[in-house]
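Reviewing the structure listed below.
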Amino acid sequence: MPLLLGTGDGRDGKVIGVLMAADRTPPTFAPEEVALLCSLAAHAAIAIDTARALADTRAALAELAEANAVIRAHSAAMQRAAEAHDRLTDLVLRGGELSEVATAVAGLLDGAITIHDADGRALTAVRRGGVPFDDRPDAAELAEAVADSHASGRAVPRRDRWICAALAGQELLGSLVLHGCPQLTDAERRLFERAGMVTALLLLLRRSVAEAENRIRGELITDLLTAPERDPAGLVERGRRLGVDLERPHLLLVAETTTAARKRLVAAARQYLFGSHSVSAEHAAAAVLLVPHRDAGPGAAARAAAAQLTQLVGAPVTVGAAGPAAGPVGLCAAYAEAVRCLRALTSLGRAGAGACAAELGFLGVLLGDGRDVHGYVAATLGPLLEYDARRGTELIRTLQVYFGCGRSLTRAKERLHVHLNTVVQRLDRVQALLGHDWNSPERELELQLALRLHLLTETPPDAG
């Protein structure tokens, strides 16, 4: 018969196993056999208990290792966040640029960063290492994501991008877009959001500095336009301190819009010139822009400013331009001409347009401060004057007689003492040189004025 013996662990009496001894025939176990089995059971209990303790120890060690890994990861994330904080803080303290912030964040998150202003225009775009980047999100998608980030105060995901609004209180100053990172850990997301705060701070500082500089530059423009002769040397020196060399050629642009949009125009002019060596200020209910002269003439500069300012303001902006001019007195005179040009555009019903006096035909001659009569005559009659000088023809005289006879071909041929066909042929040549609309009412007025000015300014032949 079998002998079943239960044994404890020798410490708390808890049964942890059973040792069984059996035989095919019913035996009688001697006391020494029972004692031996008890001894074996005790050893077995110790072995089982030791094995279980070893397993528990191993499990505890595994848990400790896992916890240690978590602690190390958390510590690494904290250290990375601290380093990122120090790096971004240093950028702010030393007046870093937005491109530097974008480069730093791109390196920390191993992606690409674009920073946009409040209207969605890209201010900078770089990959890790400062490499230029040009994969910008759709404007409507960006605006929607920025609105969600603005409302939640957190960075929001969009496909493989993360977008974070750069806020100063509840005012939207711009946004950050992280490209190529569909997933972010909590620590990475907080780092990205911290970068958004730093970007907002830099944008705010940038705007404050720009507003202060524009206020001081605006005072310079006011003094320049009201009393240039009072202290021209002092004005030039003040301009140099502000980074504006008044002795170099500049274009003067005067912009005007509706009364309701006037305040927006002043801000739009600052935004339009931001980042350049140009100056803008409000003066006499208009925005005055002082732009260094480069390749574009005053007319082209006026049209470009009118188009861009109209878009920024959301209302028609009319721009009159003059120049290039240099020196306080010259710039003040150019301003007066630009104002007259602006008034002419307004009188002609050309709201939202831009031009200079030279582009207004005979009105430009009347409005221009320089009264460039010879330039106007050359621009209007140049092809005819050159043709007559080269071929010895009389197209200019024919045109004068034709207009003087009330556009009568018969009377013109009598005055010129030529055949009617000759007059017709000459007028056909005039059309070929001046264009098919040469005898339209507007062109005719300009041509008659140019002919009269040519007659008045023509050098008489030497006597004898």
Side-chain angles (χ1 to χ4, degrees), residues 69-70 73-89 91-92 96-207 271 274-275 308 311-312 314:
V70 172
H74 181 69
S75 177
M78 292 292 292
Q79 183 177 0
R80 185 183 181 192
E83 291 175 352
H85 175 76
D86 293 342
R87 189 170 176 183
L88 294 175
T89 302
L91 286 174
V92 174
E97 297 292 334
L98 292 175
S99 59
E100 296 180 84
V101 174
T103 300
V105 177
L108 290 168
L109 297 178
D110 194 19
I113 292 287
T114 54
I115 298 180
H116 302 258
D117 64 11
D119 296 320
R121 285 184 293 273
L123 300 175
T124 186
V126 296
R127 293 183 185 275
R128 183 174 185 176
V131 179
F133 178 70
D134 193 22
D135 181 16
R136 299 169 189 176
D138 177 73
E141 181 181 352
L142 175 63
E144 180 185 358
V146 170
D148 291 344
S149 178
H150 188 179
S152 64
R154 300 294 306 276
V156 296
R158 287 295 185 276
R159 295 198 299 272
D160 65 336
R161 299 186 179 101
W162 284 80
I163 295 92
C164 181
L167 305 173
Q170 288 301 310
E171 181 184 1
L172 177 66
L173 299 178
S175 60
L176 271 79
V177 180
L178 173 63
H179 304 257
C181 297
Q183 300 295 328
L184 290 180
T185 64
D186 288 341
E188 289 172 334
R189 184 176 182 179
R190 287 193 297 271
L191 191 156
F192 182 54
E193 291 168 348
R194 182 175 296 175
M197 296 173 60
V198 170
T199 300
L201 180 58
L202 284 180
L203 289 171
L204 191 61
L205 290 174
R206 189 177 181 183
R207 186 177 70 180
Q271 183 177 347
F274 188 80
Q308 188 64 35
Q311 181 179 355
L312 292 173

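These numbers come from a predicted model, not from an experiment. Sequential numbering from 1 along the given sequence is applied to the chain's residues.
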Which pairs count as ring-ring contact (aromatic ring centres under 6.0 Å, His included) when at least one residue sits in residues 179-205, sequence neighbours excluded?
Phe133-His179
Enumerate the ring-ring contact (aromatic ring centres under 6.0 Å, His included) contacts for residues 141-161, please, sequence neighbours excluded, ordered by first and then second residue.
none
Minimum heavy-atom separation for Ala166 and Gly196, please, with both atom names.
CB-O, 3.7 Å
Of all residues at least two apart in sequence or in a different chain, which pass the salt bridge (charged side-chain N to carboxylate O under 4.0 Å, His left out) check with [X]?
{"X": "Glu144", "result": "none"}
{"X": "Asp138", "result": "none"}
{"X": "Asp160", "result": "none"}

Got [X] and [Y] here, is their nearest side-chain heavy-atom distance under 4.5 Å?
{"X": "Leu142", "Y": "Val177", "value": "yes"}
{"X": "Arg161", "Y": "Leu178", "value": "no"}
{"X": "Thr114", "Y": "Thr124", "value": "no"}

So how far is it from [X] [atom1] to [Y] [atom2], rounded to the nearest 0.5 Å?
{"X": "Glu188", "Y": "Leu109", "atom1": "CD", "atom2": "CG", "answer": "6.0 Å"}
{"X": "Thr185", "Y": "Leu191", "atom1": "OG1", "atom2": "CG", "answer": "9.0 Å"}
{"X": "Gln311", "Y": "Asp119", "atom1": "CD", "atom2": "CG", "answer": "9.5 Å"}
{"X": "Leu98", "Y": "Ile115", "atom1": "CG", "atom2": "CD1", "answer": "5.0 Å"}
{"X": "Leu204", "Y": "Thr199", "atom1": "CG", "atom2": "OG1", "answer": "12.5 Å"}
{"X": "Leu167", "Y": "Met197", "atom1": "CG", "atom2": "CE", "answer": "10.0 Å"}

Between [X] (side chain) and [Y] (backbone), is there a donor-acceptor pair under 3.5 Å?
{"X": "Trp162", "Y": "Cys181", "answer": "yes"}
{"X": "Glu193", "Y": "Arg154", "answer": "no"}
{"X": "Ser149", "Y": "Ala165", "answer": "yes"}

Excluding sequence neighbours, so at least two apart, what forms side-chain contact (heavy atoms from CB on, under 4.5 Å) with Ala145?
Val156, Arg158, Ile163
